[in-house]
Amino acid sequence: MYRISFTGYRPEKLPFFGEDDPMCVDLKERLSEQIEKLINDGADEFYTGMALGVDTWAAEAVLEHKKAHPGIKLTAVIPCPEQSDKWTDEDKARYRSILERCDRTMTISPHYTKDCMLKRNRALVELCDVLVAVYDGKRGGTQYTVNFAKKSGKSTVLIAPM
């Protein structure tokens, strides 16, 4: 039994436009296949940072896998209650739908702060045994999280965005 956290890019940092793009469909399939492999290897707890893009897709994939593996758990690690305030109505509805189906939620900061996203990323690493990262070397929060995981001695599974 072990714990998995996810990190990865938001949609605007990915090399495709929209979830119907064949490259996005392929990425989501590869992410789902990795989750299935981890479940088969004994992973039973999953953590998502609930950002748009990879975090959302990973959470939805875990929720889909829960149908065949009801013992696995999904926890939303939310940086602050305002995380989705500026999102589209569609993205907010998707966010709420995921939260309603999570086994647990954790909120890092009671209000938005300049470092609440960073603290969320650190918490994701601290909570896991293995970090699954959709990452190709670009600078930013995903790079920070991958580097922090490596410095923390956590195993890291890298998935190329395309």
Sequence-distant partners of Glu64, salt bridge (Lys or Arg N to Asp or Glu O under 4.0 Å), two or more places apart: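 Once residues adjacent in sequence are excluded, the partners of Glu64 under the salt bridge (Lys or Arg N to Asp or Glu O under 4.0 Å) criterion are Lys67.
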Can you find a heavy atom in the side chain of [X] that is under 4.5 Å from one in the side chain of [Y]?
| X | Y | value |
| --- | --- | --- |
| Asn121 | Val125 | no |
| Leu99 | Ile78 | yes |
| Lys138 | Gln143 | no |
| Glu36 | His69 | yes |
| Trp57 | Val134 | no |
| Arg122 | Lys119 | no |
| Ile159 | Leu27 | yes |
| Ile35 | Val132 | no |

Does Leu118 share a hydrophobic cluster with Tyr112, counting links as ILVMFWY side-chain heavy atoms below 4.5 Å and allowing steps through other members?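 Different hydrophobic clusters.
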Would a single hydrophobic cluster contain both Leu74 and Tyr2, if residues Ile, Leu, Val, Met, Phe, Trp and Tyr are joined by side-chain heavy-atom contacts under 4.5 Å?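 Linked, Tyr2 and Leu74 end up in one cluster.
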Connecting only ILVMFWY residues whose side-chain heavy atoms lie within less than 4.5 Å of each other, what is the rest of Val77's hydrophobic cluster?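 Members besides Val77, by chain and number: Tyr47, Met106, Ile108, Leu124, Leu127.
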As an exercise, state the distance from [atom1] of [X] to [atom2] of [Y], rounded to the nearest 0.5 Å.
| X | Y | atom1 | atom2 | value |
| --- | --- | --- | --- | --- |
| Thr142 | Tyr9 | OG1 | OH | 5.5 Å |
| Lys154 | Thr145 | NZ | OG1 | 13.0 Å |
| Ser152 | Leu131 | OG | CG | 10.0 Å |
| Lys37 | Ile39 | NZ | CD1 | 12.0 Å |
| Glu126 | Arg3 | CD | CZ | 10.5 Å |
| Met50 | Phe6 | CE | CZ | 12.5 Å |

Can any side-chain N or O of [X] pair as donor or acceptor with the backbone N or O of [Y] at less than 3.5 Å?
| X | Y | value |
| --- | --- | --- |
| Arg101 | Ser97 | yes |
| Asp103 | Thr75 | no |
| Thr48 | Asp55 | yes |

Minimum heavy-atom distance [X]-[Y], with the two atoms named:
| X | Y | result |
| --- | --- | --- |
| Pro161 | Phe16 | O-CE2, 3.9 Å |
| Val146 | Ala133 | CG2-CB, 3.6 Å |
| Pro15 | Met162 | CG-SD, 3.3 Å |
| Thr113 | Ser109 | CG2-OG, 3.8 Å |
| Ala160 | Arg30 | O-NH1, 2.8 Å |
| Gly49 | Pro79 | O-CD, 4.0 Å |

Answer yes or no: does atom [atom1] of [X] have more than 12 heavy-atom neighbours from other residues, nucleotides or ligands under 6.0 Å?
| X | atom1 | answer |
| --- | --- | --- |
| Glu90 | CD | no |
| Phe17 | CZ | no |
| Arg94 | CZ | yes |
| Asp20 | CG | no |

Phe46 and Ile72: CA distance, side-chain angles, deciding distance, side-chain contact (heavy atoms from CB on, under 4.5 Å) verdict: CA-CA 8 Å; Phe46 295 84; Ile72 66 174; 4.2 Å; yes
Evaluate the ring planes of Phe148 and Tyr144, with Trp represented by its six-membered ring, and classify them as parallel (under 30°), tilted (30 to 60°) or perpendicular (over 60°).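 Phe148 and Tyr144: parallel rings.
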By the ring-ring contact (aromatic ring centres under 6.0 Å, His included) test, which pairs, at least two apart or in different chains, include something from residues 84-108?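 Found Trp87-Tyr95.
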